[in-house]
Amino acid sequence: MQSNLFCGECEFCQRGEESLCLRGELLGVQCDGGFAEHVVVPARSLVRLPAGLDFDTSAALTLAGSTAMHMLTNRAQVHSGDWVLAIGGASGVGSAAIQIAKHLGAHVISTGSTEAKRNLAHRLGADFVVDSNHADWPNEVRKITGKRGVDLVVEHVGGDVLLKCFECLARNGTIVTCGATAGREVSLNLWPFFVKQQRLIGSYGRNRADIQATLEWAAAGKLKPVIDSIFPLDQVPAAFAKLRSRNVLGKILIEPFEPTSESD
Ligand SMILES: [Zn+2]
């Protein structure tokens, strides 16, 4: 299911840019969400699962995986040999960004705040992983790239992290960002930004094509979901408590109750 509901009629929807829909609504934000046994959405929001792909994989990739797909293949492009920095390698977006960038031929650096998260980023294919607890982690990134900096940063945190990403960015480099949980307002020094001819690109949600690509990559084994744990629907508060603890590797899934009667 494409959780950014779209009208299918506006100028953006007509050209397949549903993430820009003029009448877009987020399932679970502007209307009732997915913590239910049944959810009603327009048929145009459904995406067929490729053969052999299970619901858990789809649930774990459909949101964050397709967000990363949109960032790396629609909003920005990755060229073979590029240096890509994926912020938060154990997060939903970060874990998918590492895998997508590697398959596109990039050298990938990621960040992680714990050893377990950094190990996960390595297992997903990151060539280098830096400890984001160190205040000077951008310096580590510059060292890894021979002081050159990276061509592309996949950022989804905002605040000071976004500013640190600029310290990691090469000339002609691009930061693509899709979140601001760590702060919505930043103070950007414009002088190095235009002298180095850099780009800051916003990204929001995904298009239908991004979800289809994400699921096809998953079916082909190129994109693996990272599932931390699975909770039944009646334990949603416990799932949120775990999420807030930040002691999570990848996605937490909520599964609806098994039907108790076939006659319903
Ligand atoms: Zn629309």
Side-chain angles (χ1 to χ4, degrees), residues 1-51 53 55-78 86-88 91-97 99-101 104 152-158 162 174-186 199-220 222-223 225 251 253-254 256:
M1 183 194 303
Q2 189 169 351
S3 59
N4 53 312
L5 302 177
F6 55 97
C7 76
E9 292 171 355
C10 72
E11 59 169 306
F12 299 106
C13 285
Q14 282 187 18
R15 57 178 200 241
E17 295 276 5
E18 299 96 5
S19 60
L20 291 167
C21 177
L22 295 173
R23 291 181 283 275
E25 282 194 329
L26 290 183
L27 193 79
V29 179
Q30 284 122 328
C31 54
D32 285 342
F35 295 157
E37 291 94 338
H38 298 93
V39 178
V40 177
V41 296
R44 61 177 172 272
S45 296
L46 299 179
V47 179
R48 188 176 291 277
L49 277 186
L53 204 68
F55 283 106
D56 284 355
T57 299
S58 171
L61 286 174
T62 298
L63 190 96
S66 65
T67 299
M69 188 66 77
H70 187 62
M71 296 171 85
L72 289 153
T73 66
N74 177 295
R75 302 300 293 151
Q77 278 75 42
V78 178
I87 298 297
S91 67
V93 170
S95 61
Q99 298 178 73
I100 294 167
L104 294 173
L152 178 67
V153 183
V154 183
E155 203 282 322
H156 49 94
V157 181
L162 177 69
T174 300
I175 297 175
V176 58
T177 184
C178 72
T181 45
R184 295 184 177 196
E185 294 188 18
V186 294
R199 292 172 206 81
L200 175 61
I201 297 179
S203 187
Y204 186 62
R206 78 290 304 155
N207 297 333
R208 189 176 185 79
D210 300 312
I211 292 198
Q212 286 168 334
T214 300
L215 297 177
E216 282 160 16
W217 279 46
K222 288 154 63 182
L223 190 50
K251 302 299 276 186
L253 303 189
I254 303 293

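Whatever order the structure lists ligands and atoms in, that order sets their numbers, starting from 1. No experiment lies behind these values; they were computed from the predicted model shown.
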* To do: Would you please name every residue forming a side-chain hydrogen bond (donor to acceptor under 3.5 Å, both in side chains) with Asn207, sequence neighbours left out?
  => Glu17, Ser19
* Under the side-chain contact (heavy atoms from CB on, under 4.5 Å) criterion, do Thr73 and Leu104 qualify, and how do the steps go? -> CA-CA 9 Å; Thr73 66; Leu104 294 173; 4.2 Å; yes
* Anything protein N/O/S under 2.8 Å from the Zn ion (ligand 1)? Just list residue and atom, please. => Cys7 SG, Cys10 SG, Cys13 SG, Cys21 SG
* Is the number of heavy atoms from other residues, nucleotides or ligands under 6.0 Å of Arg184 CZ greater than 12? -> no
* Yes or no on side-chain contact (heavy atoms from CB on, under 4.5 Å) for Asp32 and Val39, after CA distance, side-chain angles and deciding distance? -> CA-CA 8 Å; Asp32 285 342; Val39 178; over 6 Å; no
* Does OH belonging to Tyr204 count more than 12 external heavy atoms closer than 6.0 Å? -> no
* Does one side chain, of Arg206 or Ser66, offer a donor that lies under 3.5 Å from an acceptor on the other? -> yes
